[in-house]
Amino acid sequence: MSKLKLIIEREFIAKVRNKSFIVMTFLSPLIMVGMGFLVYFLMKKNNEKVKEIVYIDNSGLFSKEDFKDSKTVHYLDFTSKGIEDTKQKVEQGNYYGALIIPKQDSLELLAKSIEFYSKDSPGMSVMNALENKIETKIRNQKLNDFGIDINKINASRIQSDIKMYNFSGEESSKLINGLKIGVGAIAGYFLMMFVMIYGTSVMRSVIEEKTSRIIEVIVSSVKPFQLMLGKIIGNASAGLLQFFIWGILIFILGTLATSLLGINMAEMQTANLSAEQLEAAKNVASGDKMQVLIQEVLRLPLLKLFVLFIFYFLGGYMLYSSLFAAVGAAVDNETDTQQFMLPIMLPLILGVYVGFATVINDPHGPISVAFSHIPLTSPIVMLMRVPFGVTWTELAISMSLLLVTFMFMVWLAAKIYRVGILMYGKKPTYKDLYKWLKYKG
Amino acid sequence: MSNLLEINNVVKNYGDFRALNNVSIHIPKGSVYGLLGPNGAGKTSLIRIINQITMPDEGTIFLDGEPLSPKHTADIGYLPEERGLYKSMKVGEQALYLAQLKGLSKSEAKKRLKYWFEKFDISAWWNKKIEELSKGMAQKVQFIVTVLHQPKLLIFDEPFSGFDPINAQLIAQEILKLRDEGATIIFSTHRMESVEEMCDEIALINKSNKILDGKLDDIKREFRTNTFQVGLHTSNAKEVESQLKEKFEVFPPDFKLLGNELTLNVKLGRQDSANDLLAFLTNRGEVQHFVELIPSANDIFIQAVNKNN
């Protein structure tokens, strides 16, 4: 046991003292926060520039009321200036674009014959806004023609907010669904990143011992399995420390920057969200809504989430990093690792894809369920599913499958590791690896 | 003298390849035991088994009367042929780490390292990284790490490779000193002159089999051919030579003397004794040179391996 401790300590210190580790630890948060602000400023700059759109309304249907200026788009009535003149002005770059509404006999024809001219291709959001305005106007006009009172229609509009329950009595809402997606996605993605960074770090550490030839001295003092385990744990500890420092630094830098530069954090975050999430965020942006958010967070099964996160995180990391260790032991240098890396990376990436593609839309659908049971993808996929509530039976099956696979893989990896670390020269093939498995002791 | 290490009928297979075939070796306490053999004969396999890096498929191994077990790693020091240390780790830290893996406490390891570093005059290297040292310097560090925990059994695989003659001499002296202090040493090498110089007993392994073992002196006696180098001052060289040829087997000399004496290698028959030859010579001139041709370890090695092949 004390030997294992020594190995963990050495691996940890060797990793932490490494210059690239120190640089990465302190530079990454700076870069991340810096990038965040850069994106924010660019978007702000982009939005600050007011687009001027001119329109010519020959149908006489629209009024200034229909083209209300927004923060970023101003509308100018050029009906009196004539089409040719207006187009020319737009072409010279004086205006963002020109909307030409011709006179037509029917509203249907009108809806299809409106044109927009611009020097460069117009942005999606601008076109959507224009189409929206026109559709609303024409629809209202038609309703009017049918003799329907628009005011009555507007008055009859009602917002329904379906409250969602499941049978274990948990109440959910759209907001909490968003939260669950967020929590699951972050956990799954975090695990994948961690495995990729620190799994390969374990592999590199194995290769280093092999190429420096110290391995033979080490294994004459400790069991190869102890050495492998020590490496895996040591690297993970260094990784956790790094993530911990990143978390703190990003928080401090973020807070500092926002208070110094006077940036609204909420605004910055919403800048990156989709329309649907924006809606949810808007609901909570104001003061007392914040409380609702906190309440919603507290309603998540936090303890269960935490425990399961630890389990799947450790299980997933140990499973993959033992495979990485075996790959490191099998080869002489890093360039030879490619052929063995692919089969390890594949399920990892698959897990994330499946997670983002299916769990978010259908957390309890057949694909999500299947992949949350397959051991190589389950750590990621199950972590994403857990916030949506997974029954204990399912969890038990998935966890025991992971545990069994983990033990089997560590055994397998240790066998390859034990033989591989003392093999030099020829690049091994899969056939060689299989042969090594059959070697005794 | 009892045996420190007893290896009995050890077999080791790698897949279809048999690396060791029923090898038995007994190593007496306090001896320097030469483990000899051509490349790929199975020496490293055997050494790895003694170090418990791999396990034998069959056979038993006893260290100091007990079956070899993981607790014995602290009783064994191993300097592998392929040397290596952590390149980016500092010399002192590295030595401490390796010593602790062998079971020494940190403070004890520090104390002993100080002694050895001063002895080899390398205290200034403590905070240097291995990658800053020359190969020979790193080897010194590795030698210290190997012997630091004062193991009962020391295994040196080609200990002199990479050392200049002065440092090789230094290491050789240290190895013999360790033996005198009670350690048992397994010495694996291709350099036969160092075998002569160092080994009390040897075992020769060829193609996975042990083909020869025992005290070096005994083996030499066994391999002697009863051949003598003869140098005779005589006025009648031609006649003496032809008379010699009638009685004994005579070969051209494999040595040189200063004067213009008659020089020959003479092989005696089974029934002849050295005195017969000497008497024959003294009757015919002045004997300048009379030495039995004792086979060198090198000769024995080549002869035994060729015969086995």
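A note on names: the letters A, B, ... follow the listed sequences, proteins ahead of strands, and every chain is numbered from 1.
The neighbour count for Lys106(B) NZ, taken as heavy atoms of other residues, nucleotides or ligands under 6.0 Å away, does not exceed 12. Other residues, nucleotides and ligands place more than 12 heavy atoms under 6.0 Å from the OH atom of Tyr430(A). Counting non-hydrogen atoms of other residues, nucleotides and ligands closer than 6.0 Å to CZ of Phe163(B) gives a total above 12. Other residues, nucleotides and ligands contribute more than 12 heavy atoms inside 6.0 Å of the CG atom of Asp164(B).
Residues Val217(A) and Pro80(B) meet the side-chain proximity criterion, which asks for heavy atoms closer than 4.5 Å. Considering only heavy atoms from C-beta on, Ile13(A) stays 4.5 Å or farther from Tyr97(B) through its side chain. In this structure, Lys102(B) and Ser220(A) have side chains that are in contact, with non-hydrogen atoms separated by less than 4.5 Å.
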Given Glu93(B) and Arg17(A), is the salt bridge (Lys or Arg N to Asp or Glu O under 4.0 Å) satisfied, shown in steps?
CA-CA 13 Å; Glu93(B) 279 176 3; Arg17(A) 270 211 203 135; 3.0 Å; yes
What verdict does the side chain to side chain contact (heavy atoms under 4.5 Å, CB included) test give for Gln100(B) and Lys3(A), after you've listed the backbone C-alpha separation in whole Å, the side-chain angles of each residue and the deciding distance to 0.1 Å?
CA-CA 8 Å; Gln100(B) 281 175 282; Lys3(A) 280 184 187 173; over 6 Å; no
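Among Val419(A), Ile218(A), Leu422(A), Ile214(A), the residue making the largest number of heavy-atom pairs under 4.5 Å with chain B is Ile214(A). Between chain A and the residues Asn51(B), Thr44(B), Leu85(B), the most heavy-atom pairs under 4.5 angstrom are made by Leu85(B). The choice from Lys87(B), Glu82(B), Gln142(B) that makes the most heavy-atom pairs within less than 4.5 Å of chain A is Glu82(B).
Proximity to chain B (any heavy atom under 4.5 Å) is shown, for Ile215(A), by neither the backbone nor the side chain. With a 4.5 Å cut-off on non-hydrogen atoms, Glu9(A) does not touch chain B at all. Looking at Val219(A), both its backbone and its side chain come within 4.5 Å of chain B, counting heavy atoms on both sides. For a residue to count as touching a neighbouring chain, one of its non-hydrogen atoms must lie under 4.5 Å from one of that chain's; by this rule Ile7(A) touches chain B with backbone and side chain alike.
In the model, Glu209(A) has a side-chain atom that pairs as donor or acceptor with a side-chain atom of Tyr86(B) under 3.5 Å.
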With a 3.5 Å cut-off and sequence neighbours excluded, list the donor-acceptor pairs that the side chains of residues 126-137 of chain B form with protein atoms.
residue   : atom : partner   : partner atom : Å
Glu132(B) : OE2  : Lys129(B) : N            : 3.1
Ser134(B) : OG   : Met137(B) : N            : 3.2

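Electrostatic pairing of Glu216(A) and Arg83(B) does not count as a salt bridge here, judged by no charged N lying under 4.0 Å from a carboxylate O.
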